[in-house]
Amino acid sequence: MHPVSRRTLLGGTAALTAASALAACSNGSSGGGSSDGIYFLNFKPESESAFKEIAKTYQDAKGVEVKVVTAASGTYEQTLKSEVAKSNPPTLFQMNGPIGLANWKDYATDMSETETAKALIDPSMGLKGEDGKIYGLPLATEGYGLIYNAAILDKYFTLPGAKVASIDEVKGFDALKALAEDMQTKKDQLGIKGVFASTSLSPGEDWRWHTHLANYPLFYELRDANATDTKAFKMTYGDQYKQIFDLYLNNSTIPKTETSAKTVTDSMSEFALGQAAFVQNGNWAWSQISEVDGNTVKEENIRFMPIYIGVEGEENSGIAIGTESYLTINSKASEAAQKATGEFLTWLFTDPEGSKLAAEKLGIIAPYTAFAELAPEDPLGKQVSEFMNNKDLYPINWVFQIYPSQDFKDQFGQHLSQYASGQEDWAAVIEYVTTEWAAEKA
């Protein structure tokens, strides 16, 4: 049995996407507007253009401005601390699960009786405090895995001597490794620079590895213990984590020594331009792929497959589905600003126009009744829905919301960068994770 049921998963999952996606009509980072207006502090730049359009639509329809400021990657917590101290603080902000609520409980609003909370398909999807009240609302349920270009793989399958004949044969790490390493030897024939897009290890751009990929050893460790949290992350599956990370590094578009300078945008551009066959990311990456100038990847060739790390039985796993981010109204904002912000959330999650726009522009699967018939139209969003409804595969729950702190993640990422560049051995990475986790969780 998994420590988190599918029902709970959809709740705890739905949130990450939520705050996560509400990312973006960025007007810069200088602060909010009117003290009674709506000011959203977002942490996910990928959805910026979509949220700008949503904000403009709301302003045109209601005559109320929604200002969205986007924190630089990896700086959300410190930006939020700075912004809430200003005279016109954010009226709407994001918390990353229980840890975030513990940090921001003095600013979070009880949203249990709001129209938005009542529109949740399942009340358990809300982020609750110790008193059982809902203080955070999810925006959506998201998924991540290995995104691949089916056209490149189909070309490989027809090459003489190809070790894998079909994507259907790729079940488990050994099969993925055989495929990737053989494709790398044939990269010139395939017209690619590498099998995997570059591993972005620039500070603030390394979340796909210290959080999303490291979610796998944490998920399996918690599953073995039938637990939902732990004070000792032992990295029992550290060897499996290492072998998938090494597979990315060794079969990439770039040498390992260049990873510390690479960003997520670099990786997504490589994939969009047909320079790589695979990239690890989530359904939010669709806009990053489709909007790249010179994009060569056709919509029908964008596919998801699970990430395999080498755990027994993983051939029955799906992609990672979940959420960690929740939206709350700033309880320190003026009464008028709180009211206006609540009305915006109600429109976004329950109004036919708002929910339709959110589903179309953000490509989200939101856990509210208004979204029941609003399936995402983009290829990755559609596949997240398919994996969510596939009862034959167990989902990889997003358990990384129990990480002790952002600083833990940042330092974890730097150790990964040092390992990739050859300046540190793997034992040092494991030592940092296990020691610092225990110290911060004590």
Side-chain angles (χ1 to χ4, degrees), residues 1-10 12-13 143-148 153 163-183 195-196 208-251 278 280 282 303-322 383-384 386-403 412 416 419 426-427 429-431 433-434 437:
M1 289 290 293
H2 304 295
V4 184
S5 69
R6 181 176 292 271
R7 176 183 174 89
T8 304
L9 163 79
L10 294 181
T13 320
Y144 66 87
L146 279 175
I147 301 171
Y148 68 91
L153 267 71
K163 292 184 178 181
V164 180
S166 165
I167 193 66
D168 294 332
E169 296 180 12
V170 186
K171 302 293 184 184
F173 177 78
D174 289 344
L176 175 62
K177 184 173 187 289
L179 172 68
E181 292 181 344
D182 194 39
M183 287 184 69
V195 176
F196 297 104
R208 290 184 295 158
W209 325 115
H210 64 53
T211 300
H212 285 185
L213 190 60
N215 181 80
Y216 281 72
L218 180 58
F219 166 79
Y220 284 113
E221 194 168 310
L222 291 174
R223 187 185 71 168
D224 290 351
N226 193 30
T228 56
D229 202 345
T230 180
K231 290 188 176 181
F233 184 12
K234 299 175 183 178
M235 268 289 184
T236 306
Y237 293 92
D239 288 346
Q240 289 84 351
Y241 175 49
K242 177 181 183 296
Q243 67 181 4
I244 183 63
F245 191 59
D246 284 344
L247 191 69
Y248 292 162
L249 293 173
N250 296 330
N251 299 279
F278 289 92
Q280 182 192 301
R303 309 280 176 79
F304 255 137
M305 67 172 283
I307 298 169
Y308 298 117
I309 68 172
V311 174
E312 184 178 357
E314 67 179 356
E315 65 273 9
N316 296 315
S317 68
I319 63 173
I321 296 176
Q383 290 172 69
V384 171
E386 292 172 6
F387 274 103
M388 283 173 56
N389 293 308
N390 188 333
K391 307 303 181 184
D392 295 327
L393 301 176
Y394 66 84
I396 303 296
N397 302 337
W398 287 16
V399 295
F400 56 77
Q401 57 180 287
I402 68 170
Y403 269 38
F412 187 178
L416 290 174
Y419 167 73
W426 187 253
V429 177
I430 299 299
E431 173 68 16
V433 172
T434 55
W437 182 286

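The figures here come from the full heavy-atom set of this structure, side chains too, leaving out hydrogens, waters and symmetry mates. Since the model is a prediction, treat every value here as computed from it, not as a measurement.
- In plain terms, the two heavy atoms of Gly318 and Pro306 that are nearest each other are O-CB, 3.4 Å.
- With a 4.5 Å cut-off on side-chain heavy atoms, Arg303 and Ile167 do not count as touching.
- Formation of a donor-acceptor pair under 3.5 Å by the Asn390 side chain with backbone atoms of Glu386 is not found in this model.
- Considering every non-hydrogen atom in both Phe304 and Gly145, the closest pair reads CE2-N, 3.5 Å.
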Tyr144 vs Val384, test: side chain to side chain contact (heavy atoms under 4.5 Å, CB included). Steps then yes/no. CA-CA 8 Å; Tyr144 66 87; Val384 171; over 6 Å; no
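- Side chains of Val429 and Phe412 form a contact here, defined as non-hydrogen atoms less than 4.5 Å apart.
- Contacts classified as salt bridge (charged side-chain N to carboxylate O under 4.0 Å, His left out) and involving residues 171-183 (residues at least two apart or in different chains) are given here: Lys177-Glu181, Asp182-Lys186.
- The shortest side-chain heavy-atom distance between Phe278 and Leu179 falls under the 4.5 Å cut-off.
- Under the ring pair (Phe, Tyr, Trp, His ring centres under 6.0 Å) criterion, Tyr419 pairs with Trp426, not counting sequence neighbours.
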List the steps, then state whether side chain to side chain contact (heavy atoms under 4.5 Å, CB included) holds for His210 with Leu416. CA-CA 8 Å; His210 64 53; Leu416 290 174; 4.1 Å; yes
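- With contacts defined as side-chain heavy-atom distances shorter than 4.5 Å, the pair Leu213/Arg208 does not qualify.
- The heavy-atom pair separating Lys391 from Met388 by the smallest distance is NZ-O, 4.5 Å.
- We find the CD-CG distance between Gln401 and Asp229 to be 9.5 Å, quoted to the nearest 0.5 Å.
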Would Val170 and Val164 count as a side chain to side chain contact (heavy atoms under 4.5 Å, CB included) here? Give the steps. CA-CA 8 Å; Val170 186; Val164 180; 4.1 Å; yes
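- Annotation: salt bridge (Lys or Arg N to Asp or Glu O under 4.0 Å) contacts of Asp239 (sequence neighbours excluded): none.
- Closest non-hydrogen pair, Phe196 versus Ala180, comes out as CE1-CB, 3.7 Å.
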Does Ile307 form a side chain to side chain contact (heavy atoms under 4.5 Å, CB included) with Ile244? I'd like the steps, not just the answer. CA-CA 9 Å; Ile307 298 169; Ile244 183 63; 4.3 Å; yes
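- A centroid separation of less than 6.0 Å is found between the aromatic rings of Trp209 and Tyr248.
- Looking at Gln243 and Ile309, their side chains never come closer than 4.5 Å, going by heavy atoms from C-beta outward.
- By the ring pair (Phe, Tyr, Trp, His ring centres under 6.0 Å) test, Trp437 is found to be paired with Phe233, Tyr403, Phe408, residues two or more places apart in sequence or in another chain being considered.
- For Asn251 against Leu247, the heavy-atom pair with the smallest separation is ND2-O, 3.0 Å.
- Ile402 has its side chain within reach of Leu222: a pair of non-hydrogen atoms, C-beta onward, lies under 4.5 Å apart.
- In this structure, the side chains of Phe173 and Gln240 stay at 4.5 Å or more apart for every pair of heavy atoms.
- The shortest side-chain heavy-atom distance between Leu146 and Ile319 does not fall under the 4.5 Å cut-off.
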Got a list of side-chain donor-acceptor pairs under 3.5 Å for residues 214-221, not counting sequence neighbours?
unit_1, atom_1, unit_2, atom_2, d
Asn215, OD1, Val399, N, 2.8
Asn215, OD1, Phe400, N, 3.1
Asn215, ND2, Asn397, O, 3.0
Tyr220, OH, Tyr394, OH, 2.8
Glu221, OE1, Met235, N, 3.0
Glu221, OE1, Thr236, N, 2.9
Glu221, OE1, Thr236, OG1, 3.3
Glu221, OE2, Lys234, N, 2.7

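- Listed by first then second residue, pairs satisfying salt bridge (charged side-chain N to carboxylate O under 4.0 Å, His left out) with a partner in residues 309-320 number zero, not counting sequence neighbours.
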